[in-house]
Amino acid sequence: MLKAQHEIRQSGQTVIEDITETTPIAAESKDKVIKFATEWANFYPFYAQFFSRIQLIQMKNSEEGEEFYAEAMEWHRRRDRLKELLFLAGEENINIHRIPDWERLKSKDAYIRDANYLTPFSFVLDFVNPFFMVANHSDALWAAFNISHEFMDYLCFKYPELKSCWKINQ
């Protein structure tokens with residue numbers, strides 16, 4: 001039994017037993033999906049530290065130093081690159097399996113629901129101002145960031161060549 005199905009059963013929700021196979025995508029799109037996933041794997045540890053650092057700065061109500069500004073510039077560089085790669089890969093090609101945690105978060109969080117984000121990737125990458133993002137959406141962002149882990153796991157199942165870069169960066 002899949003972890004997601006078990007969680008749904010435990011919560012009393014109806015389980016969808018039929019897991020449909022995704023439609024094969026063109027080789028060019030596959031390469032773009034792999035490129036996006038590889039970049040996300042490299043971004044994953046950076047984002048966790050950056051997000052935590054912003055929370056700490058906000059909790060302490062402290063001033064940011066030059067070192068933090070360099071991190072913010074790095075956030076923008078990485079975010080812009082990932083957003084472009086997500087667009088080029090086609091978000092529908094990355095959303096290859098139903099993730100109940102993402103569906104629950106989408107139904108619970110009005111901001112995510114109203115914007116109709118297809119994956120946690122587009123939600124996380126949608127923010128330009130990292131301080132605003134953490135101050136106003138930290139719980140949903142942290143949840144989406146962690147849910148992206150499941151999306152990446154399924155991408156690794158479909159594209160085994162991703163396993164080496166994804167497992168290293170966790």
Side-chain angles (χ1 to χ4, degrees), residues 1-11 13-48 50-51 75-76 78-128 130 133-134 136-170:
M1 176 187 323
L2 292 174
K3 174 186 169 242
Q5 289 175 323
H6 173 72
E7 288 175 357
I8 291 172
R9 281 198 178 99
Q10 293 299 331
S11 68
Q13 298 176 24
T14 306
V15 175
I16 299 172
E17 294 294 338
D18 296 328
I19 297 175
T20 56
E21 186 66 30
T22 58
T23 308
I25 61 173
E28 180 182 309
S29 294
K30 175 186 171 188
D31 292 343
K32 290 176 181 177
V33 167
I34 290 170
K35 180 68 175 161
F36 169 80
T38 301
E39 289 287 328
W40 183 266
N42 292 324
F43 173 73
Y44 197 85
F46 168 82
Y47 182 82
F50 186 63
F51 186 97
W75 151 259
H76 285 289
R78 289 177 182 235
R79 174 202 165 266
D80 292 348
R81 177 73 178 137
L82 279 164
K83 199 166 182 179
E84 178 183 6
L85 290 171
L86 181 62
F87 172 76
L88 293 173
E91 196 170 6
E92 67 283 355
N93 293 324
I94 290 169
N95 188 19
I96 62 170
H97 187 74
R98 181 178 169 269
I99 309 289
D101 286 338
W102 176 240
E103 291 177 8
R104 279 190 288 275
L105 183 60
K106 284 189 342 183
S107 69
K108 186 174 87 172
D109 188 276
Y111 188 89
I112 295 172
R113 185 178 55 252
D114 293 347
N116 199 27
Y117 294 104
L118 186 58
T119 67
F121 305 112
S122 57
F123 173 57
V124 169
L125 297 172
D126 194 34
F127 292 94
V128 175
M133 118 185 134
V134 173
N136 294 291
H137 302 283
S138 65
D139 290 344
L141 278 160
W142 199 246
F145 175 68
N146 286 298
I147 292 167
S148 77
H149 190 284
E150 280 195 74
F151 276 80
M152 288 294 291
D153 285 344
Y154 283 105
L155 286 170
C156 286
F157 299 156
K158 187 167 183 168
Y159 307 113
E161 56 267 46
L162 287 172
K163 288 181 182 179
S164 62
C165 74
W166 177 235
K167 300 302 177 193
I168 288 171
N169 288 309
Q170 294 182 43

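When reading the values below, keep in mind they use all heavy atoms of this one structure, side chains included, and skip hydrogens, waters and symmetry mates.
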Worksheet entry | Step-by-step side-chain contact (heavy atoms from CB on, under 4.5 Å) determination, D109 to R113 | CA-CA 6 Å; D109 188 276; R113 185 178 55 252; 6.0 Å; no

Discussion item. What's the separation between atom CD1 in I96 and atom OG1 in T119, rounded to the nearest 0.5 Å?
Written reply: 11.5 Å

Item to complete: Taking the side chain as every heavy atom from C-beta outward, state whether V124 and W40 have any atom pair closer than 4.5 Å.
Response: yes

Worksheet entry | CG/D139: more than 12 non-hydrogen atoms of other groups inside 6.0 Å | no

Discussion item. Could you report the tightest heavy-atom contact between H76 and P130, atom names first, then the distance?
Written reply: NE2-CD, 4.2 Å

Fill in: F151/F121 aromatic ring centres below 6.0 Å
yes

Worksheet item: Atom CG of L82 and atom CG of L125: how far apart are they, to the nearest 0.5 Å?
Response: 5.5 Å

Item to complete: For residues N93 and K30, determine if any side-chain heavy atom of one lies less than 4.5 Å from a side-chain heavy atom of the other.
Response: no

Practice prompt. Kindly give the heavy-atom pair with the smallest separation between I34 and E161, and that separation in Å.
Written response: CD1-OE2, 3.0 Å

Discussion item. So, taking the atom named CD in E84 and the one named CZ in R81, what distance separates them when rounded to the nearest 0.5 Å?
Written reply: 5.5 Å

Worksheet item: Is it true that R104 and D101 make a salt bridge, defined as a side-chain N closer than 4.0 Å to a carboxylate O?
Response: yes

Practice prompt. Answer whether the closest heavy-atom distance between the side chains of F123 and L105 falls below 4.5 Å.
Written response: no

Discussion item. Can you give me the closest heavy-atom contact between S122 and E91, atom names plus distance?
Written reply: OG-OE2, 2.7 Å

Fill in: Rounded distance (nearest 0.5 Å) linking atom CD of E150 with atom NE2 of H97
8.5 Å

Worksheet item: Between V134 and L141, which heavy-atom pair has the shortest distance, and what is it?
Response: N-CD1, 4.4 Å

Practice prompt. Any chance you could measure W102, atom CH2, to L118, atom CG, to the nearest 0.5 Å?
Written response: 8.5 Å

Response to the item:
Minimal heavy-atom distance between K83 and D126, with the atoms involved, is NZ-OD1, 3.7 Å

Discussion item. For the CG atom of D153 and the NZ atom of K163, what is their distance to the nearest 0.5 Å?
Written reply: 9.5 Å

Discussion item. Under the ring-ring contact (aromatic ring centres under 6.0 Å, His included) test against F127, which residue among Y111, Y47, Y117 passes?
Written reply: Y111

Practice prompt. Report yes or no: does W75 contribute a side-chain atom to a donor-acceptor pair with the main-chain N or O of F51 at less than 3.5 Å?
Written response: no

Item to complete: Compare every heavy atom of E39 with every heavy atom of L85, then report the nearest pair and how far apart it is.
Response: CD1-CG, 3.3 Å

